[in-house]
Amino acid sequence: MPELPEVETIVRGLKPRVEGRRIERVELRLPKQVRGMDAAAFCRLVGGQVVRRISRRGKYLLMFLDRHVLLGHLGMSGQLTYWDRTRKDTPGFVAHPVTGLQRTPGQHAPDAHTHLLFHLEGGDRVQYRDIRQFGHWRLLEPGQLEGFKPLARLGLEPLGPDWRFDAFRRAFRARRGMVKAALLSQSPVAGLGNIYADEALHLSGVHPRSRIERLREKDLRALFDAIPRVLRKGIRNRGTTLMDFRGAHGEKGRNQESLRVYGRHGANCLACGAALRKILVSQRTTVFCPRCQPKR
DNA sequence: AGATTTACCTGAGGGC
DNA sequence: TGCCCTCA
DNA sequence: GTAAATC
């Protein structure tokens with residue numbers, strides 16, 4: 001699941017190879033992965049433009065082209081990788097005892113799940129592969145960026161300059177209901193998904209089902225501190241690869257090796273030793289420590 | 001307004 | 001080997 | 001992972 005750290009990992013990996021390069025041709029094999037515009041128009045408009053800058057907002061990836069902004073969202077299983085024509089493809093798949101059958105790390109030729117290809121000048125490519133097809137791409141005029149709803153409704157950027165406690169508290173107090181639901185909604189805070197939400201809640205000692213209106217000031221403070229910490233650790237570890245996530249060069253992340261709670265239900269809490277519990281919150285599997293995270 | 005449910009897809013893994 | 005189920 | 005429909 002590409003969340004903020006995974007998208008950031010891809011952005012950093014693509015940056016040195018793609019910024020300043022011209023997209024010669026766009027090959028869209030699964031037209032529905034482009035939204036808000038006719039597939040043919042998308043390909044025609046993107047073709048010929050130079051990628052000036054690549055960045056990220058929440059879980060969205062942004063490519064600033066000469067005349068447009070290309071917006072990508074990787075959904076649950078999207079992979080955006082660089083294919084270098086001078087490198088050999090790594091062949092085949094490998095079985096992993098925990099996460100099952102995985103593609104070998106490294107670059108691969110397009111396959112049945114490769115739905116969008118940006119052919120660069122010189123023969124290299126940026127390839128979008130998405131097994132579950134939940135990701136999507138869209139092309140905006142620079143002026144449309146501000147008014148674009150899904151982007152405009154995103155909350156605070158946890159690693160950005162406006163990450164200050166007063167702003168965080170205001171955004172959070174504007175909502176009620178379960179704290180984890182709020183985190184997943186992207187609206188007080190942008191970029192957290194099921195993994196990093198659970199991680200941040202555990203690090204801050206907040207129960208995922210706590211109602212926001214009942215949280216104490218110190219709980220909010222702890223959450224405010226924990227969110228950037230778990231995200232930065234994810235980035236430092238180049239993302240969390242449970243199944244599908246790959247970096248810009250096909251490499252796996254290693255954050256899955258140091259998760260505090262996600263995927264560890266039944267195992268012992270690393271902080272207190274109690275057995276971690278699994279519950280359902282907002283229709284998402286949620287793991288927490290009943291000792292460290294008292295319900296408010 | 002928030003919550004709950006459903007839909008959008010493919011594949012891994014377990015049980016039988 | 002395959003079918004059905006759950007889960008991501 | 002998100003959006004739309006429904007309570």
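Any value given below was found using the heavy atoms of this structure, including those in side chains, with hydrogens, waters and symmetry copies removed. Numbered from 1 within each chain, the chains take letters A, B, ... in sequence-line order.
Here the separation of dT5(B) from dT6(C), taken at their P atoms, is 16 Å to the nearest Å.
Remark: C1' of dT2(D) and CD of Gln186(A) are 9 Å apart, rounded to the nearest angstrom. Following rounding to the nearest Å, Arg57(A) (CZ) and dT2(D) (C1') show an atom-to-atom distance of 16 Å. Between the CZ atom of Arg129(A) and the C1' atom of dC9(B) there is a distance of 14 Å, given to the nearest Å. At whole-Å resolution of the value, CG in Asp244(A) and P in dG11(B) are 11 Å apart. Rounded to whole angstrom, the span from the CG atom of Leu280(A) across to the C1' atom of dT5(B) amounts to 12 Å. The NZ atom of Lys149(A) sits 12 Å away from the P atom of dA3(D) (whole-angstrom rounding). As a whole-Å value, the separation of Met76(A) CE from dC7(C) C1' is 9 Å. Between the CZ atom of Phe172(A) and the C1' atom of dG2(B) there is a distance of 15 Å, given to the nearest Å.
For dT2(D), one of the phosphate oxygens OP1 or OP2 lies less than 4.0 angstrom from a side-chain nitrogen or oxygen of His73(A). Look at Lys32(A) and you won't find any side-chain N or O under 4.0 angstrom from OP1 or OP2 of dC8(B). The side chain of Arg153(A) contributes an N or O atom lying less than 4.0 Å from OP1 or OP2 of dA3(D). At the phosphate of dA8(C), OP1 or OP2 sits under 4.0 Å from a side-chain N or O atom of Thr285(A).
Within the 4.0 angstrom heavy-atom criterion, only backbone atoms of the sugar-phosphate kind lie near Met1(A); the bases stay farther away. Heavy atoms of Gln283(A) sit under 4.0 angstrom from at least one base atom. Residue contacts shown for Asn194(A) are limited to sugar-phosphate atoms, with no base heavy atom under 4.0 Å away.
Where Gly177(A) and His113(A) each meet DNA chain B at their nearest nucleotide, the meeting point lying more 5' is that of Gly177(A).
Side-chain polar atoms of His113(A) and Arg129(A) form no donor-acceptor pair below 3.5 angstrom.
Scanning atom types as modelled, one donor and one acceptor separated by under 3.5 angstrom connect the side chain of Arg132(A) and the base of dA8(C).
For Lys180(A) and Asp198(A), the salt-bridge test passes: some basic side-chain N is under 4.0 Å from an acidic carboxylate O. Ionic pairing of Arg57(A) and Glu157(A) is present here: one or more N-O contacts between side-chain nitrogen and carboxylate oxygen are shorter than 4.0 angstrom.
Taking the six-membered ring for Trp and thresholds of 30 and 60 degrees, Phe172(A) and Phe168(A) have ring planes inclined between 30 and 60 degrees apart.
Side-chain proximity of Ile131(A) to the nucleotides dT10(B), dA3(D), dA3(B) is greatest for dT10(B).
Residues forming a salt bridge (Lys or Arg N to Asp or Glu O under 4.0 Å) with Arg17(A) (at least two apart in sequence, or on another chain): Asp84(A), Asp124(A).
The aromatic ring of Phe134(A) stacks onto the base of dC8(B), its centre lying under 5.5 Å from the centre of the six-membered base ring with the two planes under 30° apart.
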